[in-house]
Amino acid sequence: MEYRFRDIEKKWQQHWEKTQAYKVSNTSEKPKFYVLDMFPYPSGAGLHVGHPLGYIASDIYARFKRLKGFNVLHPMGYDAFGLPAEQYAIEHGVHPAISTEQNINNFRKQMDNIGFCFDWSRELRTSDPAYYKWTQWIFLQLFKSWFNPKANKAESITTLIGIFENEGSQAEEFTAADWKNFTEKRKQEILMGHRLAYCGIGEVNWCEALGTVLANDEVVNGVSERGGYPVVKKKLRQWYLRITDYADRLLEGLETVEFSDAMKEMQTNWIGKSIGAEIQFPLSISPRRGEEMEEIGAKLKRPGFGYPDYKVDSEMSFENAKRMRREPTEAESILWSALRSKQTGYKFRRQHPVENYIADFICLDVWLAIEVDGGYHTTVEQKEADDIRDSRLKELGFTTLRFTNEEVINKIDIVVETIQQKATELKKTLPPKTIGGPGPSPLQGEAGERVTVFTTRPDTIFGVDFMVVAPEHELIEKIVPANHKLPVEEYITYVKSRSERERIAEKKITGCFTGAYALNPFNGREIPIWISEYVLAGYGTGAIMGVPCGDERDHKFAKHFNIPITNIIGNYYNGEEANATKDAILENSDFLNGMVMRDAIGVVIGRLEDREIGERKVNYKMRDAAFSRQRYWGEPFPIQWKDGVAIPLPESELPLLLPEVDSYSPGPDGEGPLANIPEWVARELETNTMPGYAGSSWYFLRYMDPDNKQEFCNRKVSDYWNQVDLYIGGTEHAVGHLLYSRMWTKCLYDLGLIGFDEPYKKLMNQGMIQGSSRFIYRISWLGVFKPDFDFSKLPIILVSKNFRNSWVHGEKESIEKINDEVQKVLKNAGITSMHTFSISELHVDVNIVDGVELDIEAFKKWRNGEYSNAEFILEDGSVYAPLSPGEPARPSHSDGGLGVRSTYICGVETEKMSKSKFNTVNPDTLVEKYGADTFRMYEMFLGPVEQSKPWDTKGIEGVHRFLKKLWRLFYDEVKGKIWNDGKATDAELKVLHKTIKKIEEDTERFSFNTAVSAFMICVNELSDLKCYKKEILEPLVIMLTPYAPHIAAELYAELAGGEVINASFPKFEAKYVAESSKEYPVSINGKVRTNITISLDVSQQEVETIALANETVQKWLEGKTPKKIIFVKGKMINIVI
RNA sequence: GCCCUGGUGGUGGAAUUGGUAGACACGCAGGACUUAAAAUCCUGUUCGCCGCAACGCGAGUGCGGGUUCAAUUCCCGCCUGGGGCACCA
C-alpha cells in the first residue's frame, strides 16, 4: 500500500471540519495558550509560499501545545480595509467590499489546503460593520480620554475638566475663572489639545494630477512614482493619536515582554528618548521691522560669519544679572511684585540679557523693555550709554519704557497702567500669531523673537557656529531679509518637492543661508541661521545648533559652506573630522573653560534655567501617530463637526456605516471620497476615514469574544485568555503595528476595560521568503522601419545567459555568433532595412524554469503563445528554431534522452516575491503535487523561521521521500501492514527517546528546521534497524502530528485507533539514552589529531595518562613534554606543547 | 544617511553556553534492482597537495586585524545582501 497523500489529506480535512475539531471553548480546566499570527491583508495576488511560513510555524506550535495539554486559541481573520482594494476600485470600478470578499475566499481556500488548526468560527474581518462598530467605539473612548501625567495613565476627559474648573492651567496660562468664562468652542479647543485621539493640522504629500495623497515611498525625486506627476506638501486637518504621552510606558513595557533584543532595540530607537536641553537663541534682527531691516542689516556689515564687532564679557553680565536679581533696588522690587506672575496679563522677566545689555524688565511677547533709572543715570556719560542702549534695543525691535525710581515708588499704579497700555498697544501691531491648532508641529508659540533648539549636548554651546532651521519652520518667512528672499524661496521650493525619506537620506549637502542671525545667549556672538532639508520640522523643535567640531554632520555642513569652525575641544579636534567625545576639556568656552565636557552639561543646563533661557528637556523622536486618511475604504470616524467643534456620535448610533459612493476618487481640496456624498456632508460627518492600523490595533481581543454584541470583548473572557502567549509575524511590523497595538492595549487597560497592558507576551519574527527571479535575454531591434513595415515579420531571438554575458563584455566570438544568427534570421524574413540591436533582460515565469534551465516548450506556450515562434541560441551555440511545417514535435530538454542535450540558461536574481516579477510560487501547486504535509515540512526544513531566504522548490523531494520512508515503516507495498507488537530493543528505545528529547526542545525553541532533520534521522535509523514496532511507532506518530498532521492522523488511527490530535506528547526518559563513554577528540595545539574513547567517569589524571599513551599523540609530541593538558569532561581534550 | 539583521561546500542549511566545522537534505558522480523507465536501495561528494588506495599534510565559516590552550561563536575596522524609516500592509 502506497502513501496516497491526496486521499488521506482530503479525508482528514473533511473529518476535522465535520467534527469541529479545532473549535475552542472560552471555559476549560486546562491551562490556556493563545497563539496568534499577524493579521493578513487579503491581497488580490493570493497567498504565495512566503505567507504560510509563519502560519505553519504557529500551527505547529499550537498543535504542540495542544498535545501538551493546553486549551489553545489559534484564530485567523483578515485586515480587510486597505489601499490596494481601493486602488483596484478606482481602476476597475469594482466595490472594494466585493474584491475583498473574493480575495478572502481565495485566501481561505488556499489556507484550508494546508491543514491549519484555526478555529474558523472566530474569523474576523475589520471591514465588517459588526467589527468596526467596536473600532469606532474604542476610538470614542480615546477621544473622550486624556493622559494624566501625574497618574501616568489615561483618564476620562471629565477629570481634566474638573481640574480646569478648580485650578485652571498653569501651562496654558488660564485660571479657573478664565475657564468658566471661556466659550464652549474655546473650551473644546483647549480640550482637543489633551485628548488621546485629537484633531490637528498635518502635512501630506499631495499630488494634484493623481488627486491623491501619496506615501513617502510613492514619491521619487519630487514626483509621483506612478505617472511622474509633481508632488507638493499640503496642510490638511488630520486626526492623531497621542502616542507620545505613552512613550515612557512603551519603553518600560519592553522590559516585561519576550521580544528579541533586536526588536526591543528597534522600538527603543524609534521612540528615541533623549535627555538634553532646550535652548532659546534670541534673534539678532527683529522680524518686526520689515523692509527697514535689510537696510540696517546691510549697513551693519557683519564681518562674515565670525564674531560680532563688539565683545562682551558674558560672565560679567551674567554675574551682574544674578547679583542684581539678588540685590534689587527698592523701586525694582516694587515694580517686580506688580509685574510678576502675569498680573498684567503679560509675562515679564527681570534682569534679562538682550545681547550684551541687561534689561531691567522685559516682556518678550510684545517686545517691550522697561528700564528703571536710579540716581546715577543723570551723568552725561550714563545718558550717552543709555541712548546707545535704547537705540540698539530699538534696532532689535524693542520698545523701551523708562521710569524713575520715584515714579515707581510713589505712583506704582500709574506706572503699571502705562506698561499695560503700551503692551496692549504693541500686541495689536504684532503680526498675528499663527494658531496652528494642537497639531504635532512644535513650531508654534513665540516664533519671531527667538529660535528654540533641542540639544543633547548643551556643553558645546560655545562651539555653535551656525544654526539650521527646518525650511518649513514658520520663523523663516519672518526673518529672511528681502535681499535673501529669492534664494531662500528657491531652496524651499526644492525642499517641498522632496519626501521626508529623501531629505533624511540625502548624502549631498544642501542648504541656504537665510541672511538672519541668532545670538548665542551666553556671549552674544552672532550665529548665521541656515535652512537645510535634513532638519525636519517634526523632530525636536525643528531647529538645531550646529557644532562642527563635535558633530560629523555639522562638520560636513560647515566645511561645505565654508563656515569658520570654532574648536572648543583642543587636541580632540584635528580639523579634518568632528569628534563627538564627552571627555575633552573645554576651551574657547567662556565660563566652561577647563571643564570636562560631560560635567559641563549639567552646569550649562543650570545656567539656562537660572536665566530662564532654556531648560532641561526630555525629547522623543517619536511623533504622534497620524490617524486619518483621505480615503474611502476604511472605518468612518463617529464624529460630527458642528461650528468647527468635533462632537462624538452617541455610542447607541454605532456603527456609523461606510456609505456607498459613486466614485472612489478624492473629494474637493484633498478631502476623502466621503466628501463627495451630499448627505454625508449635510450631516456634517467627518470625511476622513481611519488608517489600516485602526482595526489591527485591537483585533487580538475580538478573537476572544468574536460574537459579542454588547461589548468589544467581555472582561471575564479577556481575563481568561489574557495576553497573546505567542505572536508570530514579520519584522516589517516592528515599529508600526506593534507600537500602535501596544498603545491601544495600554489605553484600554488604563480605562479599566482589560486587565493587562501589554498585548503580546512573546513575539516570534518570521523571515521573509524572497523570490528567486529568472531572466531571459531577448534581442531588441533598433533600426529604421519603413512606413509599411510588417512588424509581425520581426523574429524573436533569445540568447542563453552566457552568450548575453559575453556579448555584454564584448567578447568577439559571441558577438560574431550572435551577429551571424541575427543576419541569417533577418535575411530569411526578408528584412534588410535594419541591422542593429541590443539585448534586453526580461523576467520569465520561474515555474517554467527548472533550476536555471528554461523549459522551452512550456515557454512557447507561456502568455498565450507570445513566444511560440521564438528562436533560441542555446548555451552551446546551437540554435533551437521553430518547427517547419510538417515537422514532428520535438521534445524539450526536460523530456531528455533524444539528441544533443543543450539548454537555454536563464539569469538569476533574488528579489521581493511579486506577481509582476513572475517569481511567485503558489503553494496550491506544491500541495497538489506533494501534499500538504510535505509542503508544511519543507517550508520548515528550508531554514530557521526567523531568517529570510529566497524560495527554491528544489529540495522538496527530499522531504517527500522522508514521508514515504516513514510510511514504509508501517506499510509494505506487497505485504500491507507490517507493524507488530514486539518488544522494543534498547537500540530502538534509544533512537526514540533521543528523538523525543530533540523534537520537544527544538519545537519549544522554534527550531523547526532541525526538528524536521531529527525526524529524518529517526526514520533513517529505524529503517536501518528494521523496526516496525508499535511501541516505537506510536509515540513517533504523535510527535509528528504538529508537523505533518494528516499522515500522523491516518497512521495513528490505524495503529492505535482514535484521534491523534487529542493524544498526549510522549514523555522523554533519560535512562534510554544514557551513555557510559565518549569518543573524545584529542587536539594538539588546538588541532584535532585523533579520537580516543574514554569512560565518562574518569578523572583528569587518568585521562591525561590515557591520552599521552596514545600512539598518534606520541607521534605529535616528538618526545617533548606537554606544557598543559586541557580536559573538558564530555567535550574534548587539548594538549598544548 | 540612520536603526535592525544576515553572510558557512555546487545549493538550503547544522554546530543550543568558546570545545571534533559542514549534521540533515538537495544536486552531482558511480553502482544495484529492471527488457527499459519510474520508484527504491547502496557508495562517494569542502577545497588543494601526495598517492593505486588507505593513511597523511595544508587551507578553510564575507574581508583584514585582535583576545584565547581553543573562535562560525567574543572584540575592533571594513565589504556586502535583506528589512524598516511614520499614508504599502
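All values below come from the heavy atoms of this structure, side chains included, with hydrogens, waters and symmetry mates left out. We name chains A, B, ... by the order of the sequence lines, and we start the count at 1 in each one.
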Could you check whether A:W1116 gets within reach of a base, just the sugar-phosphate, or nothing at all, counting any heavy atom under 4.0 Å? sugar-phosphate
What nucleic acid atoms does A:K1129 come within less than 4.0 Å of, heavy atoms only: base, sugar-phosphate, or nothing? nothing
For A:D972 and B:C41, give me the distance from atom CG to atom P, rounded to whole Å. 13 Å
Of A:G943 and A:K1087, the one whose closest RNA chain B nucleotide lies more 5': A:G943
Could you tell me whether the phosphate oxygens of B:U20, OP1 or OP2, come under 4.0 Å of any side-chain nitrogen or oxygen in A:R1089? no
Tell me, please, which residues at least two apart from A:K273 pass side chain to side chain contact (heavy atoms under 4.5 Å, CB included). A:D248, A:L251, A:V618, A:Y620
Qualifying side-chain hydrogen bond (donor to acceptor under 3.5 Å, both in side chains) pairs, either residue in residues 732-741 of chain A, two or more places apart: A:Y727-A:H737, A:S741-A:Y760
I'd like to check the side chain to side chain contact (heavy atoms under 4.5 Å, CB included) partners of A:I978; sequence neighbours left out, ordered by chain and number. A:D972, A:K975, A:Y1028
Just to be sure I follow the notation: if a pair is Watson-Crick (purine N1 to pyrimidine N3 plus N6-O4 or O6-N4) or a G-U wobble (N1-O2 and O6-N3), each under 3.5 Å, what dot-bracket string does RNA chain B give, with | for pairs to another strand? (((((((..(((......[....)))((((((.......))))))((((......))))..(((((..]....))))))))))))....
Please work out if A:P950 contacts a base, only the sugar-phosphate, or nothing of the nucleic acid, heavy-atom cut-off 4.0 Å. nothing
Nucleotide by nucleotide, nucleotides 24-31 of chain B touches protein heavy atoms under 4.0 Å in the pattern (B base, S sugar-phosphate only, - none) BSSS----
I need the full list of side-chain hydrogen bond (donor to acceptor under 3.5 Å, both in side chains) pairs touching residues 1010-1026 of chain A, with sequence neighbours left out, sorted by first then second residue. A:K965-A:N1020, A:K994-A:E1021, A:D1002-A:T1010, A:S1007-A:T1010
Look at the side chain of A:N1134 against the base of B:C69 and say whether a donor-acceptor pair falls under 3.5 Å; ignore hydrogens and angles. yes
So for atom CZ, which belongs to A:R1005, do other residues, nucleotides or ligands contribute more than 12 heavy atoms lying within a distance under 6.0 Å? yes
Relative to the ring of A:Y938, is the ring of A:F941 parallel (under 30°), tilted (30 to 60°) or perpendicular (over 60°)? tilted
Residues in side chain to side chain contact (heavy atoms under 4.5 Å, CB included) contact with A:P950, at least two apart in sequence or another chain: A:Q770, A:T910
Please list residues of residues 1004-1011 of chain A whose heavy atoms come under 4.0 Å from any atom in RNA chain B, ordered by number; otherwise none. A:R1005, A:N1009, A:T1010
Using residues 1127-1137 of chain A as the side-chain source, report each donor-acceptor pair under 3.5 Å to any protein atom, sequence neighbours left out, with the distance given to one decimal.
unit_1, atom_1, unit_2, atom_2, d
A:K1129, NZ, A:L1096, O, 3.3
A:N1134, OD1, A:G1086, N, 3.0

Sequence neighbours left out, what passes side-chain hydrogen bond (donor to acceptor under 3.5 Å, both in side chains) with A:R742? Give chain and number order. A:Q267, A:E758
Under 3.5 Å, which N/O atoms of the protein pair with N/O atoms of nucleotides 84-89 of chain B?
unit_1, atom_1, unit_2, atom_2, d
B:A86, OP1, A:R501, NE, 2.8
B:A86, OP1, A:R501, NH2, 2.4
B:A86, OP2, A:N216, ND2, 3.1
B:A86, O5', A:N216, ND2, 3.4
B:A86, N7, A:R623, NH2, 3.1
B:A86, N6, A:K621, O, 3.0
B:A86, N1, A:R623, N, 2.9
B:C87, OP2, A:R629, NH2, 3.3
B:C87, O4', A:R629, NE, 3.2
B:C87, O2', A:L214, O, 3.2
B:C87, O2', A:A215, N, 2.8
B:C87, N4, A:Q238, NE2, 3.2
B:C87, N4, A:Q630, OE1, 2.6
B:C88, OP2, A:D217, OD1, 3.1
B:A89, OP1, A:L83, N, 2.6
B:A89, O3', A:D79, OD2, 3.2

Which salt bridge (charged side-chain N to carboxylate O under 4.0 Å, His left out) pairs, counting each pair once, include a residue from residues 1079-1093 of chain A, with sequence neighbours left out? none
Length of the line joining A:L53:CG and B:G83:C1', which is rounded to integer Å: 15 Å
Side-chain donor/acceptor of A:K1131 to base of B:U17, under 3.5 Å: no
